[in-house]
Amino acid sequence: MDLTLVGMVENEELRHLLVEGTHLIGRADDAALKLVQPSISRRHAEISVNGSQVTVSDLGSHNGTMLNGAKVAEAVPIRAGDVIEVANITFRVEGPGGSEGSDGADISMFNESVTMVPSHELSWDEVRKEREDKRDLQSLLFRVLAEAGDLLTIPREPGEMFEPILDLVETALLNPERIFILLLEEDQEEPVTKASRVQGSQSAGSLALSRTMMKQVLEEKKSFLTSDPLNDPGFGGMMSMVSQGIRSAIAVPLFDNAEVIGLLYADDSRAGKRFSKDQLAAFTLLGNVIAVAITHARYHVLEQEKQRQDAQLRTAGEILDNILPAVLPPCEGYNLIARIEPCFEVGGDLYDAQEMKDGRYAFLIGDVVGKGLGAALLVSHILSWTRFMIDEGWDPEPLITKLNHQIFCCTDTVRFTTFFLGYLEPATGRVTYVNAGHNPPFVIRADGTVETLAPTGMPVGIIEESGYKTGEVTLDPGDLITLYSDGIPETQRADDEEYGEDNFEKLLVAERGNDLAGLFEKLQGELKDFREDAPIGDDVTLLILRRDPA
């Protein structure tokens, strides 16, 4: 009957057919099974095949040869299902049909599910000792689970929990050689090792998890236990564990009652070290407690971060409230209002107005791309720059050109601002303006006719050198100019239909002679009725300047 040696060498499966004759195992060039690992002697062991008689013998190697856990010296018979260890490399003996030969060799002696009993009957003292040991273990596991409850009651960051978790696992499993905490990450296909504890000659860096085991634990949410990775019939020979010399391994899902967030894993390569089913049961419960604790800790960190951001947003909102003028400075012969309704705590819209030293009246509106602290910071810079340049008497075109350069140099490529700046000569009603990519303001004439002030250049901050043109319009008695942000026409309902510029224009025409504060309130009501249950999607900002009737 042909037998085959099957093993894992440097993460690759090695198969060697035992044909009639002598098979030398070692580093020698004439070896039938050549192994180049330093732990292997040049002439390490020998397998002899003589008809149906197959034997293995050690040739005086430095690290020895083992058969089914027993040291080999002289020739010892082998058969299908046996395990041969050559130094630290393990081989399974397979028959023609797999790990169990036609002679019905029993390989269950290496499975955790079977308890090995000595050939002699146990004495009463031995029975009593065995029962006491079992009760002691169960008592220890109960204490470990009780201590695990502290993980849920003491707030801490996830990283601070790993050492206490390793302590609990080490106690529950009676000091295994290796323990690993692995968590699933959104950007990683495989679970990531977050913490480990290794003792003895084992290496933390050589962890190579069995895909069979990971599938069972992570996808099927089932705990895993094996005391013979090579011959475990439930898992079909886990070579990744065999190649590391692992004799017993245990793994449980970190299940937080909603999803699996990772796994707890431990293993041992020492002879006689076997994890029990009691330990597996306790380890499974421990994994559940730990998963819930880690998830709570993550939520705690997120909540703290949210509170910190909320505090920053409130502060930024208060600063913007003080920067944006609540009431525009008066302009003789004109009625003015400016209103803003941000959709978040901090918006990206801005407006301003100020009297100039030469008697002109400057007014402006802008919309910074984005929301939050970044947009608020840019709003404050823009207002500071424009107020200084207006106070210094800069005309609209050079002012916008300089502002464009400043914003381009201090922001990234996706941060820009639409902007409209107008200078009013109160006596004549003449307005000189630059529209840098902003929504065209409406000029509503006293007779109800409408004009729009189209853009005269690109939004500021997109390219470093951008040219701008100046436009002009004259406000006659009773005329008004309306500056607004895109939050008004782009107000949406749940079906994505927008309020639109046409509806806004109709409202302005209908309300052109009425109180301006009442006009804004009516606009708010109309937008609210239009969007129904849909939330506010963008800031709503409005600045209206109307010349008094003659």
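As a basis for the values below, the full set of heavy atoms in this structure was taken, side chains included, without hydrogen atoms, waters or symmetry mates.
- Under the 4.5 Å side-chain criterion, counting only non-hydrogen atoms from C-beta, M161 is not in contact with H296.
- Counting non-hydrogen atoms of neighbouring residues, nucleotides and ligands closer than 6.0 angstrom, the CG atom of D29 reaches no more than 12 such neighbours.
- When each of K71, R92, R247 is paired with E85, the salt bridge (charged side-chain N to carboxylate O under 4.0 Å, His left out) condition holds for R247 and for no other.
- Remark: the T22 side chain and the E46 side chain contain no N/O donor-acceptor pair separated by less than 3.5 Å.
- For the pair R43 and D58, the salt-bridge criterion is not met [side-chain N within less than 4.0 Å of a carboxylate O].
- Judged by distance alone, the side chains of S39 and N88 do bring a donor and an acceptor atom under 3.5 Å apart.
- A side-chain N or O of S223 and one of T284 form a donor-acceptor pair less than 3.5 Å apart.
- Using a cutoff of 4.0 Å between basic side-chain nitrogens and carboxylate oxygens, E498 and R493 are not scored as salt-bridged.
- Comment: R531 does not engage E497 in a salt bridge, judged by the lack of any side-chain N to carboxylate O separation of less than 4.0 angstrom.
- Counting heavy atoms from C-beta on, the side chains of I261 and L184 never come closer than 4.5 Å.
- There is a side-chain donor-acceptor pair under 3.5 Å between S485 and D349.
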May I have the step-by-step check of salt bridge (Lys or Arg N to Asp or Glu O under 4.0 Å) for E177 and R197, ending in yes or no? CA-CA 8 Å; E177 280 190 312; R197 183 171 294 175; over 6 Å; no
